[in-house]
Amino acid sequence: MTGGSGAAGGGDAPRGDLFAEMRRIKDASQLSYNRLADKTHYSRSSWERFLNGKQVPTRVAVEEFAAAAGADPEPLLALLELAVVREEAPADEPAARTAERPRPAAGPSAAPAPAPGAPEPEQPEQATPVRRFAWSRILRAAAGVLAGALLGSLLTVFLTEPAGAGTTARGSTAGATGSPAAASAQARPSGPVKVGCKSDTCMRREPQAEDCQWDAVTVRQTFLRGMSIQLRYSEACQAVWGRVENGNIGDTVRIMDKRSSSDEATIRMEHDTYTRMLAVTPDATWETITICGAIPSQKEQECSPLGEIKP
């Protein structure tokens, strides 16, 4: 779902309300763009577009955003539906006006003109069903927004840091500036992570389907023409997968372990994608995994550790 050409923050009221509410929840939950990318299937650049009003997020993106922030998704989904209905409304109005315009009679069969002073016959209101349908959708979406208003206010209280805790958190962040390991540690959940697979049972499974993304960290990263090539590792799942960001359609990412098991993914839309998982074990840790990103249109490839993945 793509956004319009309005200014950042949303061009009209429904879109503006959606972007403002998402930014409020992001600030209250202290989620950075990098942490949102770690916790969801969307990249940092995608979240910058969603939260700056440059693009209307998809329903899946809103649901993942709410899950990452620990928020109720229903108020946000109601705002999203209201924004979508508002965008579709101008397309309904021309059809309604066309339906209201009477067609001229043709040839000799045309009805005689009304006598001077006689009242003109009323035209049937053919556009009424169209307008009723559009407004019924708007009213349903508005009802959802009003119902979630109180929940949204309460959510702010629960997500805001307790007094005194902010000093410790900010101090820790300041001390970790420039340290990827510290930044990754902050992205981890505070409690134990319940996952759907572990080690060999994760082979070639989707990381998000098994909840492996919640404690995942980027353990290796390299770049190719601005494309970020990352090896992601979940300690809870004992598994790794490859991810690329800021690429183009057709660019690929591939991972392979020392047993020659491999998996590959190609960017089909937007600018990022990820592979399925490979298992790691005590005698074959994530350090033994090779990850490569490739730009076929340029016939270029970058691997980490250095060297090509052999078929």
Side-chain angles (χ1 to χ4, degrees), residues 1-3 8 19 22-71 73 76 159 173 176-190 193 195 206-237 239-249 251-253 255 265-277 286 291 293 304:
M1 183 183 302
T2 58
F19 299 137
M22 291 182 70
R23 286 195 297 268
R24 183 189 67 77
I25 292 176
K26 171 184 174 295
D27 294 341
S29 59
Q30 296 186 340
L31 284 173
S32 65
Y33 292 120
N34 286 332
R35 291 184 66 181
L36 281 172
D38 288 338
K39 290 175 173 288
T40 67
H41 268 153
Y42 294 85
S43 66
R44 174 193 170 92
S45 60
S46 295
W47 285 117
E48 287 179 341
R49 292 194 298 274
F50 294 155
L51 294 169
N52 290 329
K54 298 177 182 178
Q55 180 179 350
V56 177
T58 63
R59 184 180 181 88
V60 174
V62 170
E63 290 174 344
E64 292 190 9
F65 171 80
L76 292 176
L159 291 180
T173 303
T177 302
S179 172
S184 299
Q186 292 175 0
R188 295 190 177 205
S190 57
V193 178
V195 295
E206 291 280 346
Q208 184 146 350
E210 305 300 332
D211 289 330
C212 297
Q213 82 279 9
W214 293 112
D215 73 328
V217 294
T218 299
V219 292
R220 187 181 295 150
Q221 184 175 26
T222 187
F223 295 88
L224 176 63
R225 287 183 175 265
M227 180 172 70
S228 174
I229 307 162
Q230 307 165 14
L231 181 65
R232 304 279 291 164
Y233 167 65
S234 166
E235 183 178 358
C237 290
V240 295
W241 61 94
R243 182 172 75 180
V244 291
E245 293 182 335
N246 300 322
N248 293 306
I249 293 176
D251 295 346
T252 64
V253 57
I255 57 174
T266 302
I267 297 179
R268 303 296 183 188
M269 59 184 296
E270 294 192 349
H271 303 283
D272 46 78
T273 190
Y274 60 93
T275 68
R276 295 174 298 178
M277 294 185 286
W286 63 261
I291 181 169
S304 179

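Along the sequence shown, residues carry numbers from 1. All values derive from a computational prediction rather than experimental measurement.
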Between [atom1] of [X] and [atom2] of [Y], what distance do you get to the nearest 0.5 Å?
| X | Y | atom1 | atom2 | value |
| --- | --- | --- | --- | --- |
| Thr252 | Ile229 | OG1 | CD1 | 9.0 Å |
| Leu36 | Ser43 | CG | OG | 11.0 Å |
| Trp214 | Thr40 | CH2 | OG1 | 8.5 Å |
| Asp38 | Leu31 | CG | CG | 10.5 Å |
| Asn52 | Met22 | CG | CE | 11.0 Å |
| Arg232 | Ile255 | CZ | CD1 | 12.5 Å |

List for me each residue that meets side chain to side chain contact (heavy atoms under 4.5 Å, CB included) alongside [X], sequence neighbours excluded, and say none if there are none.
| X | result |
| --- | --- |
| Arg49 | Ser45, Ser46, Lys54, Gln55, Glu270, His271 |
| Ala236 | Val193, Val195, Asp215, Ser234 |
| Ser228 | Gln221, Phe223, Gln230, Glu245 |

Not counting sequence neighbours, which residues clear ring pair (Phe, Tyr, Trp, His ring centres under 6.0 Å) with Tyr42? List them please.
-> Trp47, Phe50
By salt bridge (charged side-chain N to carboxylate O under 4.0 Å, His left out), Arg220 pairs with (sequence neighbours left out) none
Partners of Glu63 by salt bridge (charged side-chain N to carboxylate O under 4.0 Å, His left out), sequence neighbours excluded?
-> Arg59
Those residues that, when tested against [X], pass side-chain hydrogen bond (donor to acceptor under 3.5 Å, both in side chains) (two or more places apart):
| X | result |
| --- | --- |
| Glu210 | none |
| Gln208 | His41, Glu64 |
| Asp251 | none |

Work out which heavy atom in [X] is nearest to a heavy atom in [Y]; give both atom names and the distance.
| X | Y | value |
| --- | --- | --- |
| Ala37 | Arg243 | O-NH1, 3.1 Å |
| Trp286 | Val240 | CB-CG1, 3.8 Å |
| Thr273 | Ala265 | OG1-CB, 3.9 Å |

Can you find a heavy atom in the side chain of [X] that is under 4.5 Å from one in the side chain of [Y]?
| X | Y | value |
| --- | --- | --- |
| Phe65 | Pro57 | no |
| Glu206 | Trp241 | no |
| Met277 | Cys212 | yes |
| Ile291 | Val253 | yes |

